[in-house]
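Please read the structure below before turning to the comments.
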There are 2 protein chains.
Amino acid sequence: MKLPIVVSDDSKEPIYYQIELQIKTLIVSGQLQAGTALPSIRALSHDLSCSVITTRRAYQDLENNGFIETVQGKGTFIKALESNAQMQIREEVVYSTFKKAIEESKLMGYSLKQLREISDKVFDDLAKGENQE
Amino acid sequence: MKLPIVVSDDSKEPIYYQIELQIKTLIVSGQLQAGTALPSIRALSHDLSCSVITTRRAYQDLENNGFIETVQGKGTFIKALESNAQMQIREEVVYSTFKKAIEESKLMGYSLKQLREISDKVFDDLAKGENQE
DNA sequence: TATACTGTATATAATGATATGAACACTATA
DNA sequence: TATAGTGTTCATATCATTATATACAGTATA
């Protein structure tokens with residue numbers, strides 16, 4: 001299976017991270033079903049003209065977040081999204097992402113109430129953008 | 001004026017960033033009033049046992065965020081928080097901090113609605129923590 | 001104007017993140 | 001069991017960030 005992935009050397013985001021985000025998106029949008037085998041790290045690195053280490057790093061990060069599963073000698077496979085343990089890992093990641101954003105913003109001189117207003121505005125703006133599509 | 005600042009070499013946060021956050025906190029909490037002169041970059045670097053470049057970097061970042069003002073030959077001074085231009089810069093920084101957090105979290109497979117719930121939970125938890133103090 | 005303070009700029013070292021190739025270990029199967 | 005496919009580990013190179021010392025430039029004042 002050949003993945004519709006494109007990476008850019010010019011991007012400020014590291015290559016392994018670009019790969020991660022695109023595979024995540026494919027899984028979350030349902031284009032990659034549970035059980036599907038991903039291309040081998042060698043095949044993918046060949047397609048993207050990067051090192052095996054780079055694709056490996058991307059796969060490893062995705063595994064740590066519960067999106068995929070690697071089995072030595074066999075390959076790498078999409079994991080089912082339903083597993084409670086994985087959903088919990090993911091929710092914890094999101095929770096601490098928000099927590100960090102809020103705590104850092106508090107240092108800019110805003111109260112929690114003010115920050116909530118700004119946060120609501122961002123959500124509203126993003127929702128507006130989604131509806132327009 | 002001697003600032004109540006402590007930096008740790010063991011921290012994973014860079015020293016210049018530790019200095020930034022602590023000065024920000026002092027300003028935002030009202031312990032450093034507008035017009036107050038900060039210690040010179042040399043005096044501060046001596047107190048913290050770090051290089052002049054490091055304190056300079058912290059001051060420069062704070063200036064870019066509108067918290068302080070430096071005048072060559074004279075020194076560095078706390079800026080008034082009321083200026084509209086500075087408040088706007090600061091709000092933009094907070095806005096994009098949140099936006100980035102939300103967009104990255106969306107890639108974890110959550111809808112905006114779900115993310116809003118998680119975000120609300122974080123705000124509630126933080127508010128609870130503040131009230132307990 | 002000499003001096004002793006300010007901040008500024010340049011060149012450089014040290015560290016950590018990113019990316020690499022080559023050798024290693026496991027699995028399936030001809 | 002030989003081979004060709006998987007993932008894994010190790011040593012290393014490259015690059016950006018962090019941190020440094022030193023020389024430079026502006027300001028106040030004795």
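Lettering follows sequence order; numbering is per chain, from 1. The figures here come from the full heavy-atom set of this structure, side chains too, leaving out hydrogens, waters and symmetry mates.
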Would you please name every residue forming a side chain to side chain contact (heavy atoms under 4.5 Å, CB included) with [X], sequence neighbours left out?
{"X": "B:R56", "answer": "B:I41, B:Q60"}
{"X": "A:L107", "answer": "B:L21, B:K24, B:T25"}
{"X": "B:E103", "answer": "A:L126, B:K99"}
{"X": "A:S96", "answer": "none"}

| Within residues 11-21 of chain B: residues closer than 4.0 Å to DNA chain C (heavy atoms) | none
Nearest to the [X] side chain among [options], which nucleotide is it?
{"X": "A:T54", "options": "D:dG7, C:dA19, D:dT20", "answer": "C:dA19"}
{"X": "A:V52", "options": "D:dT8, D:dG7, C:dA9", "answer": "D:dT8"}
{"X": "A:S40", "options": "D:dT18, D:dT6, C:dG7", "answer": "D:dT6"}

Between N or O atoms, less than 3.5 Å apart, protein on one side and nucleotides 10-12 of chain D on the other: list the pairs.
none

| field | Residues within residues 58-69 of chain A bordering DNA chain D, heavy-atom distance below 4.0 Å | value | none
Set of residues satisfying side chain to side chain donor-acceptor pair (under 3.5 Å) with respect to [X], sequence neighbours excluded:
{"X": "A:S8", "value": "none"}
{"X": "B:K106", "value": "A:E130"}
{"X": "A:S40", "value": "none"}

Protein and nucleotides 25-29 of chain C: nitrogen or oxygen contacts under 3.5 angstrom:
from	atom 1	to	atom 2	distance (Å)
C:dA25	N3	A:Q72	NE2	3.2
C:dC26	O4'	A:Q72	NE2	3.3
C:dA28	OP1	A:K74	NZ	3.1

| query | Which pairs pass side-chain hydrogen bond (donor to acceptor under 3.5 Å, both in side chains) with one or both residues in residues 67-78 of chain A, sequence neighbours excluded? | reply | A:E63-A:T70
